[in-house]
Undergrad: 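Quick one: structure below, then a few questions.
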Amino acid sequence: MADAKISTYLPPNVNPTQAAIAYGCRALPKLNEELQSDDLLTRQKALMALCDLMHDPEHVYTAISIGCLESLKALLKDTNDLVRIKTTEVLCVMATHNVGREGFLEHNVIQALSFLLSDPQPACRENLYTAFKHLAQVPAGALGIVNSGLIPSLVWKLQREEEEIQALLLDTLAACLTEDATEALASRAVPFLKEKLLSANSGIRSKAARTLIAVSVPLEGKVQVWQHDVIPILVHLLKDRDEEVQANAAGALMNAAVTTEGKYAALDVEATQPLLQLLTSSLSKARLNAIKALTMLAEAPEGRKLLQSHVATFRVLEEDLSPAVQRAAQIAIKVIEWKP
């Protein structure tokens with residue numbers, strides 16, 4: 001007769017690093033209890049399991065309603081590196097859902113996360129900045145970050161983080177500064193962004209130019225872009241190999257050229273020619289930004305004189321597939337053909 005033998009191997013499809021998930025509606029309450037456990041391994045396993053569940057917005061809603069966010073906020077102060085990393089990862093996943101972003105604002109998660117801006121673990125900081133990036137994609141989230149007083153810290157961190165995190169910071173800042181650029185301008189954001197325009201990484205150059213578009217919407221931003229000699233760099237980027245860089249540089253130049261000083265600074269470095277070349281770009285936003293920038297330059301007599309021989313090019317753009325480009329071309333023609 002054969003003897004019963006107990007296998008020393010784990011059952012298939014069982015993850016020993018993850019907590020066993022309770023059945024049905026008891027799953028999340030049990031995990032929330034385990035998040036508050038005094039046992040380190042129990043907390044770690046609960047975070048692993050919660051991270052998987054948070055990809056479902058219904059689970060995010062339930063987790064918020066039973067108080068998981070308060071438990072996670074407490075774990076952000078945990079002394080164990082893995083606990084902090086997994087906690088920020090859970091919050092990062094939650095921030096991809098609208099219900100999660102609303103929960104962040106209601107439960108003051110932004111302020112709780114801000115204490116980890118200088119965490120020694122790069123993975124922890126990357127998760128944190130990714131969560132902020134997701135949150136800033138909605139106006140209420142971007143305004144929440146601004147109102148938390150974090151913009152000066154994010155601008156300062158732009159100089160000290162590695163490139164992958166810089167990209168996340170620039171995405172976050174571009175969205176937040178669209179809501180309010182006051183604190184960024186007071187924190188020397190323009191000189192810092194000027195430096196990023198010179199990066200060897202095309203992604204960083206593109207994101208820096210996009211952030212400059214946002215920061216140069218208010219008058220003070222336009223003045224600082226001119227004062228810090230950013231305009232010659234933007235004109236140089238109009239000839240960049242990357243079309244996104246070209247488009248965003250044209251957008252920043254468009255804003256900077258609203259002021260008289262900005263117009264003449266752009267004309268002094270011969271911005272009209274590279275802008276005219278962008279009118280045939282395959283990117284509609286590049287064509288649109290270039291038209292608008294040229295329209296700004298045409299408001300100066302010297303710019304209008306340079307562009308009068310190119311009216312036919314703008315006529316062609318009146319038939320562009322993009323309605324926004326069509327309207328911009330019509331306005332440009334009126335400005336160029338205007339006679340005092």
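Side chains are part of it too, since the values below use all heavy atoms of this structure and drop only hydrogens, waters and symmetry mates. The first residue of the sequence shown is numbered 1, and numbering continues consecutively from there. Treat the numbers as computed from the prediction; the structure is a model and nothing was measured.
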Undergrad: Please enumerate all residues that pass salt bridge (charged side-chain N to carboxylate O under 4.0 Å, His left out) together with E161, with sequence neighbours excluded.
TA: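 Once residues adjacent in sequence are excluded, the partners of E161 under the salt bridge (charged side-chain N to carboxylate O under 4.0 Å, His left out) criterion are R125.
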Undergrad: Side chains of residues 323-340: which donor-acceptor partners sit under 3.5 Å, not counting sequence neighbours?
TA:
unit_1, atom_1, unit_2, atom_2, d
Q326, NE2, D320, O, 2.4
E337, OE2, R315, NH2, 3.0

Undergrad: Does a side chain donor of either N201 or Q166 reach within less than 3.5 Å of an acceptor in the other side chain?
TA: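 Looking only at side-chain atoms, Q166 and N201 do not form any donor-acceptor pair under 3.5 Å.
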Undergrad: Should E244 and K285 count as an ion pair when the cut-off is N to O under 4.0 Å?
TA: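 Here E244 pairs with K285 in a salt bridge, since their nearest N and O are under 4.0 Å apart.
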Undergrad: Verify, without hydrogens or angle tests, whether S37 (side chain) and E33 (backbone) share a donor-acceptor contact under 3.5 angstrom.
TA: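 Checked: no pair found.
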Undergrad: Any sub-3.5 Å donor-acceptor pair from T130's side-chain atoms to E126's backbone N or O?
TA: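 Yes.
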Undergrad: What heavy-atom pair brings L283 and A247 nearest, and what distance separates the two atoms?
TA: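 That would be CD1-CB, 4.4 Å.
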Undergrad: Which of these passes side chain to side chain contact (heavy atoms under 4.5 Å, CB included) with C176: D171, I151, L143?
TA: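 By the side chain to side chain contact (heavy atoms under 4.5 Å, CB included) criterion, C176 pairs with just one of D171, I151, L143: I151.
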Undergrad: Indicate if V99 and I110 have the same hydrophobic cluster label, given that clusters are the connected sets of ILVMFWY residues with side-chain heavy-atom separations under 4.5 angstrom.
TA: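 V99 and I110: one cluster.
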Undergrad: Might you confirm whether atom CZ of R241 has over 12 heavy atoms from other residues, nucleotides or ligands at distances under 6.0 Å?
TA: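 Counting neighbours around CZ of R241, 12 or fewer heavy atoms of other residues, nucleotides or ligands fall under 6.0 Å, so no.
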Undergrad: With distance as the sole test, does T42 use its side chain to make a donor-acceptor pair with the main-chain N or O of D38 at under 3.5 Å?
TA: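 Not a single qualifying donor-acceptor pair exists.
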Undergrad: Once rounded to the nearest 0.5 Å, what's the spacing between atom CG of L128 and atom CG of L91?
TA: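 Nearest 0.5 Å value for the CG-CG distance: 9.5 Å.
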Undergrad: If we ignore hydrogens and angles and just use 3.5 Å, is the side chain of Q159 paired with the main-chain N or O of V155 as donor and acceptor?
TA: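 Looks like no, no N/O pair under 3.5 Å.
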Undergrad: How would you list, by chain and number, every residue that makes a side-chain contact (heavy atoms from CB on, under 4.5 Å) with N98, sequence neighbours excluded?
TA: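 N98 satisfies side-chain contact (heavy atoms from CB on, under 4.5 Å) with R101, E102, V138 only.
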Undergrad: Determine whether a donor-acceptor pair (N or O, by modelled atom type, separation under 3.5 Å) exists between the side chain of T96 and the backbone of V93.
TA: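 At least one qualifying donor-acceptor pair exists.
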Undergrad: Could you please spell out the steps behind the side chain to side chain contact (heavy atoms under 4.5 Å, CB included) verdict for C68 and M94?
TA: CA-CA 11 Å; C68 278; M94 292 177 79; 5.8 Å; no
Undergrad: Identify every side-chain donor-acceptor pair in residues 254-264 under 3.5 Å, counting partners at least two apart or on other chains, and give the distances.
TA:
unit_1, atom_1, unit_2, atom_2, d
N255, ND2, I213, O, 2.9
N255, ND2, S216, OG, 3.3
T259, OG1, A256, O, 3.4
T259, OG1, G262, N, 3.0
K263, NZ, A257, O, 2.9
K263, NZ, V258, O, 2.9
K263, NZ, E299, OE1, 3.1
Y264, OH, E302, OE1, 2.8

Undergrad: Do T182 and D180 meet the criterion of a side-chain donor-acceptor pair at a distance under 3.5 Å?
TA: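 A pair is found: one side chain offers a donor N or O, the other an acceptor, under 3.5 Å apart.
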Undergrad: Do L40 and L76 sit in the same hydrophobic cluster, where Ile, Leu, Val, Met, Phe, Trp and Tyr count as joined when their side-chain heavy atoms come under 4.5 Å apart?
TA: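 Shared cluster, yes.
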Undergrad: With heavy-atom distances below 4.5 Å as the criterion, would you say the side chains of I291 and L288 are in contact?
TA: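 Side chain of I291 against side chain of L288, heavy atoms only: no contact under 4.5 Å found.
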Undergrad: Does atom CD of Q277 have more than 12 heavy-atom neighbours from other groups under 6.0 Å away?
TA: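 More than 12 within 6.0 Å, yes.
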Undergrad: I need the N248 CG to L237 CG distance, nearest 0.5 Å.
TA: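 Answer rounded to 0.5 Å: 10.0 Å.
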Undergrad: Among R84, K157, K77, which one satisfies salt bridge (Lys or Arg N to Asp or Glu O under 4.0 Å) with D119?
TA: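 For D119, the salt bridge (Lys or Arg N to Asp or Glu O under 4.0 Å) check succeeds only for R84.
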Undergrad: Would you mind writing out the side-chain donor-acceptor pairs for residues 224-236 within the sub-3.5 Å range, not counting sequence neighbours?
TA:
unit_1, atom_1, unit_2, atom_2, d
Q224, NE2, L185, O, 3.3
Q224, NE2, E220, OE2, 3.0

Undergrad: List the atom of D81, the atom of Q121, and the distance in Å for their closest heavy-atom pair.
TA: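 Of all heavy-atom pairs spanning D81 and Q121, the closest is OD2-NE2, 3.0 Å.
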Undergrad: Treating Ile, Leu, Val, Met, Phe, Trp and Tyr as nodes and any side-chain heavy-atom pair under 4.5 angstrom as an edge, say whether V146 and L193 lie in one connected cluster.
TA: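 In one cluster: yes.
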Undergrad: Which heavy atom of G103 sits nearest a heavy atom of I64, and at what distance?
TA: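 Heavy atoms of G103 and I64 come nearest at CA-CD1, 4.0 Å.
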Undergrad: Please test T280 against T313 for side chain to side chain contact (heavy atoms under 4.5 Å, CB included), starting from the C-alpha separation and ending with a verdict.
TA: CA-CA 9 Å; T280 57; T313 306; 5.8 Å; no
Undergrad: For the residue pair P29 and I66, what are the closest heavy atoms and their distance?
TA: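 In terms of heavy atoms, the two residues are closest at N-CD1, 3.5 Å.
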Undergrad: Are side-chain heavy atoms of E164 and P122 found at a separation under 4.5 Å?
TA: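 No, every pair of side-chain atoms sits at 4.5 Å or beyond.
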Undergrad: Is the closest side-chain heavy-atom distance between L297 and L306 below 4.5 Å?
TA: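 Counting from C-beta outward, L297 and L306 never come under 4.5 Å.
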Undergrad: With rounding to the nearest 0.5 Å, note down the distance linking CD in E183 to CG in L154.
TA: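 Spacing of CD (E183) from CG (L154) equals 10.0 Å.
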Undergrad: For the pair H97 (side chain) and M54 (backbone), establish whether a donor and an acceptor sit closer than 3.5 Å, ignoring hydrogens and angles.
TA: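 It does hold such a pair.
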Undergrad: Hey, what do you get for OG (S202) to CG (D242), rounding to the nearest 0.5 Å?
TA: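 Between atom OG of S202 and atom CG of D242 there are 4.5 Å.
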Undergrad: So, for S322 and S284, which heavy atoms are closest and what is the spacing to 0.1 Å?
TA: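 Closest heavy-atom pair between S322 and S284: CB-CB, 4.4 Å.
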Undergrad: Check for me, please, whether L197 and V217 land in the same ILVMFWY cluster - side-chain distances under 4.5 Å, paths through other members count.
TA: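 They do not share one cluster, since no chain of ILVMFWY contacts under 4.5 Å joins L197 to V217.
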Undergrad: What is the distance from atom CG of L75 to atom CD1 of I85, rounded to the nearest 0.5 Å?
TA: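 Going from CG on L75 over to CD1 on I85, the span is 13.5 Å.
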Undergrad: Give a yes or no on whether the backbone of Q36 and the side-chain of R43 come within a donor-acceptor separation of less than 3.5 Å.
TA: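 No.
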Undergrad: Counting heavy atoms not belonging to L41, are there more than 12 under 6.0 Å from its CG?
TA: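 Yes, because the 6.0 Å sphere around CG of L41 holds more than 12 heavy atoms from other groups.
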Undergrad: Mind checking whether L278 and V269 sit in one hydrophobic cluster, side chains of I, L, V, M, F, W, Y counted as touching below 4.5 Å?
TA: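 Same hydrophobic cluster.
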Undergrad: Measuring from atom CZ of F104 to atom CD1 of I145, what distance do you get when rounded to the nearest 0.5 angstrom?
TA: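 One gets 10.0 Å once the value is rounded to the nearest 0.5 Å.
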Undergrad: Distance alone, cut at 3.5 Å: any donor-acceptor contact between the side chains of E243 and S282?
TA: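 Checked: E243/S282 side chains pair up, N/O donor to acceptor below 3.5 Å.
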Undergrad: Evaluate the criterion side chain to side chain contact (heavy atoms under 4.5 Å, CB included) for residue pair L31 and L53; output intermediate values, then yes/no.
TA: CA-CA 11 Å; L31 286 176; L53 291 176; 3.5 Å; yes
Undergrad: So, the side chain of H107 versus the backbone of L69: is there a donor-acceptor pair under 3.5 Å, distance only?
TA: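 Looks like no, no N/O pair under 3.5 Å.
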Undergrad: Ignoring hydrogens and angles, tell me if any N or O in the side chain of E195 forms a donor-acceptor pair with the backbone of P191 under 3.5 Å.
TA: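 Checking the backbone N and O of P191 against the side chain of E195, no donor-acceptor pair under 3.5 Å is found.
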Undergrad: Between H134 and A95, what is the shortest heavy-atom contact and its length?
TA: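 Looks like CB-O, 3.4 Å.
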Undergrad: Would you say the side-chain atoms of N127 pair up with the backbone N or O of A123, donor to acceptor, closer than 3.5 Å?
TA: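 Indeed, once roles are kept as given, a pair shorter than 3.5 Å links the two residues.
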Undergrad: State which residues pass salt bridge (charged side-chain N to carboxylate O under 4.0 Å, His left out) with K196; sequence neighbours excluded, sorted by chain then number.
TA: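 Here no residue qualifies.
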